[in-house]
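Whatever order the structure lists ligands and atoms in, that order sets their numbers, starting from 1.
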Amino acid sequence: MPTLKTLAAALVLLATLPATAQTRQEYLLDTNWKFTKGEVADAAAPAFQDAKWQTVTVPHDWAIYGPFDGKNDLQAVKIEQNNEQAATLKAGRTGGLPFIGTGWYRRPLAVPQFGPGRRAVLLFDGAMSNAHVFVNGKEVGYWPYGYNSFSFDITSYLRADGNNTLAVRLQNQPESSRWYPGAGLYRNVHLIVTDDVHIPVWGTYLTTPEITASSAQVKLKTKIETPSGAFQPLRLQTEIRDAAGQVVATTTTALVTTNALEFEQNLTVPNPKLWSPETPVLYTAASKLYAGEVLKDEYSTRFGIRSFKFEAGKGFSLNGKARKFRGVCNHHDLGPLGTAVNVAALRRQLALLKEMGADAIRTSHNMPAPELVSLADEMGFMLMVEAFDEWKAPKVKNGYSQYFDEWAEKDLVNMVHRDRNHPSVIMWSIGNEVPDQSSPNGSQIAKRLQDIVHREDPTRLVAAGMDRFDDDFKNNFAQVLDIPGFNYKPHRYPEALGQLPQGFLLGSETASTVSSRGVYKFPVVKAKEKKYPDNQSSSYDLESCNWSQIPDEEFVAQDDQPKVLGEFVWTGFDYLGEPTPYDEKWPSHSSYFGIIDLAGLPKDRYYLYRARWNTTQPTLHLLPHWTWPGREGQPTPVFCYTSYPSAELFVNGKSQGRQTKLASDRPETRYRLMWEDVKYAPGTLKVVAYDAQGNAVATEQVKTAGKPHHIRLVADRPALTADGRDLAFVTARVEDAQGNLCPDAAHELHFAVTGAGSFHAVANGDPTSLESFQQPQMRAFHGQLVAVVEAGKTAGALRLQATATGLQPGTVELKTSSPK
Ligand code: GAL
């Protein structure tokens with residue numbers, strides 16, 4: 001018998017579910033979850049009492065709350081791909097966060113309008129990891145790989161009285177990752193209720209086989225599932241709508257055979273508007289499935305119309321125009337939010353990358369959140385969707401290699417089926433730096449995986465990121481791939497191109513330059529594996545790893561080799577884990593590779609890429625800052641990252657000469673303007689930029705800051721949606737009385753939110769900071785940090801105040817409005 005309490009809970013659940021049509025209902029299972037860490041006997045049983053467990057909302061990352069500890073997942077390893085000769089202890093390799101172990105989630109599961117003739121499916125966008133899913137105490141399925149999406153039909157497990165319990169057991173092993181993987185139900189969980197006769201999860205495959213200026217052919221394949229495959233005369237009616245919602249094509253198709261339960265429809269879109277990163281135009285195919293006159297299901301497939309080619313000797317073109325990928329690799333964590341997916345946080349990341357001029361993202365080294373793929377469609381990014389960091393040969397003790405034989409095909413099929421209708425997805429990647437490159441049968445594995453992807457999606461090519469150049473050629477690994485991707489090999493591109501039958505190659509992973517925002521080290525020297533006592537790296541952007549390069553070295557190779565398809569920089573954003581070059585020096589626990597730091601604040605390098613990639617707006621950026629008490633009279637090199645070809649620098653009005661970008665045996669002279677002998681004097685550093693015709697066209701200046709005086713708060717957006725999920729990212733700057741950033745300020749800032757929202761998280765971008773991301777206070781790192789505030793569910797005004805000893809407080813007010 002259901003107790004009054006469980007009945008009431010079910011009613012509450014029902015009340016919060018959206019109004020629905022008869023045929024198909026989809027519910028986000030975000031609230032009403034109970035969570036506990038650790039193994040618990042009988043936790044799947046419906047009668048289990050979970051009242052003492054923590055109440056959480058999903059997406060939820062159980063480990064991001066810390067505390068940080070160098071003993072969490074301490075790994076004694078020799079990292080082969082980093083050319084290490086002996087094993088050493090790596091404390092922050094996976095972020096120093098407590099993600100290892102078992103976690104349980106439970107929730108009552110109301111299934112509205114369930115009954116005879118209905119089906120119910122649970123769809124997990126990703127669960128970290130080794131998910132065992134139980135309904136009413138019985139296991140409905142298992143999926144080990146934490147990054148993949150998977151679904152289970154739970155129809156036969158549901159109770160007629162509607163009083164169901166969902167339980168999920170997750171378990172993360174130690175030494176299972178090379179970066180912070182996150183933990184828990186960190187992506188969304190959906191319940192989908194349909195008629196027995198229905199279109200299954202990821203049931204459509206839409207391609208655009210022919211595109212001209214006047215029309216685009218659209219081929220839509222739609223799978224149907226019927227109870228035990230029983231035949232019913234079925235009809236599928238499809239409308240294509242343009243971005244404004246106007247119907248531009250329609251068709252109706254009858255299904256006449258019993259065995260092929262798949263419709264194929266061919267439609268023509270007149271005068272198609274093409275999708276590209278610059279014009280991310282989307283269409284929707286809306287299908288209705290009828291049995292006789294009865295509407296059985298409705299299904300929408302969003303798509304874009306674009307064509308692309310990879311051609312030997314020519315390279316890549318999109319919609320007939322040659323271009324090179326201006327890409328970044330990103331891991332999946334969202335800095336202080338951990339891995340818990342959030343659309344506002346992803347959108348902010350993409351907005352920053354867009355502003356920099358990036359047009360592509362590699363989802364290293366795993367399947368992305370579906371929200372990222374949808375945002376890439378909408379905002380205009382080309383994606384390289386990657387599957388694996390490991391095949392059969394391990395990189396870490398308990399990595400994917402343990403699942404590879406049994407799961408690789410299933411994982412690839414789900415990856416391709418979920419994402420193959422997205423215009424943003426331009427290529428698939430089957431792996432990153434897999435050690436199998438060195439085994440004689442590695443190329444056979446590559447071929448097998450590539451064939452699986454081709455079978456599921458013949459319209460796209462398959463890449464892999466390779467790091468073992470000689471083995472790759474010796475073992476035929478590089479030759480087998482559709483798109484040979486090389487990691488950190490710009491100096492060998494000519495040699496590779498001389499041997500590759502494909503006639504092109506991709507810089508699948510490039511640069512891995514290290515820097516800390518706001519940190520400048522003297523003397524300024526180009527160096528590999530440079531370490532300093534404070535565990536920071538210099539923002540003069542001249543430091544890299546023994547296997548990697550500064551950005552400019554890749555630029556030279558990209559610019560001088562037309563058959564190179566472009567690059568994916570390691571990385572767009574700093575991420576949790578892999579604190580190279582301080583892998584062995586706790587408390588470093590997040591990366592230094594990012595063009596943008598962990599808080600989402602651009603480092604100087606951002607402007608080096610922007611100057612090259614953002615072709616619509618000029619870039620003129622000076623470094624370092626100009627507040628160096630004690631350095632008076634000492635050499636303090638000044639760099640300018642600019643889209644202009646030359647510029648003149650002034651210190652307190654005194655010219656330091658004019659510099660022009662030019663090719664030399666130092667790659668950086670071609671891409672940066674550098675005044676290397678400037679002597680520091682407090683005051684004003686000013687640069688005047690000249691265009692190609694020699695006209696002075698822009699200026700930029702940096703002033704020596706006075707005493708820290710106040711906090712200035714700058715929000716990334718003025719208005720939020722009052723949906724309980726939307727976030728604003730507010731940069732807090734410690735400034736002097738004139739509004740100059742105080743570049744060394746390290747005050748502890750305290751935050752308080754009042755009104756229509758709450759404090760959510762904070763980060764300062766310091767890879768050594770062990771402060772909590774969730775407490776409403778943190779020390780500024782080089783004068784700045786970012787506070788994240790969350791909109792509540794009631795519209796109104798949200799006020800954030802920041803205070804610190806000795807500073808005038810800062811406030812910002814944001815509007816929140818009801819969801820449309
Ligand atoms: C590559 C690897 C990346 C990251 C990077 C750091 O070898 O593919 O995942 O580890 O090095 O430079």
Side-chain contact, heavy-atom cut-off 4.5 Å: [X] with [Y]?
X: Phe310; Y: Asp482; answer: no
X: Leu346; Y: Leu334; answer: yes
X: Ser149; Y: Phe124; answer: no

What is the nearest protein non-hydrogen atom to atom 9 (O) of ligand 1, stated with its residue, atom name and distance?
His365 NE2, 2.5 Å
Looking only at protein heavy atoms, which one is nearest to atom 10 (O) of ligand 1, and what is the separation?
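Of the protein heavy atoms, Glu578 OE2, 2.4 Å lies nearest.
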Is ligand 1 less than 4.0 angstrom away from at least one heavy atom of Trp179?
no
Taking the non-hydrogen atoms of Asn432, is any one of them nearer than 4.0 angstrom to ligand 1?
yes
Polar contact flag for Trp570 and ligand 1 (N/O pairs, less than 3.5 Å)
no
Would you check the N or O atoms of Asn82, main chain and side chain alike, for any that come under 3.5 Å of an N or O of ligand 1?
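N/O-N/O distance under 3.5 Å: no.
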Please determine if Glu390 and Arg178 form a salt bridge, counting it only when a charged side-chain N lies under 4.0 Å from a carboxylate O.
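Salt bridge between Glu390 and Arg178, a charged N being under 4.0 Å from a carboxylate O: no.
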Can you run down the salt bridge (Lys or Arg N to Asp or Glu O under 4.0 Å) pairs that involve residues 498-524, sequence neighbours left out, and say none if there aren't any?
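For residues 498-524: Arg362-Glu509, Arg517-Asp597, Lys521-Asp534.
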For Lys392, does the NZ atom sit with more than 12 other heavy atoms under 6.0 Å from it, leaving out its own atoms?
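Open: at most 12 neighbouring heavy atoms sit under 6.0 Å from NZ of Lys392.
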Look at atom NZ of Lys397 and say whether more than 12 heavy atoms of other residues, nucleotides or ligands are closer to it than 6.0 Å.
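Atom NZ in Lys397 is not packed in, count stays at 12 or less.
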Can you figure out which of Met466, His331, Glu509 has its heavy atom closest to atom 2 (C) of ligand 1?
Glu509
Numbered atoms of ligand 1 (with element) below 4.0 Å of Ser512, judged on heavy atoms
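Answer for ligand 1: 6 (C), 12 (O).
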Check ligand 1 against Glu433 and write out every atom of the ligand that is under 4.0 Å from a heavy-atom position of the residue.
1 (C), 2 (C), 7 (O), 8 (O)
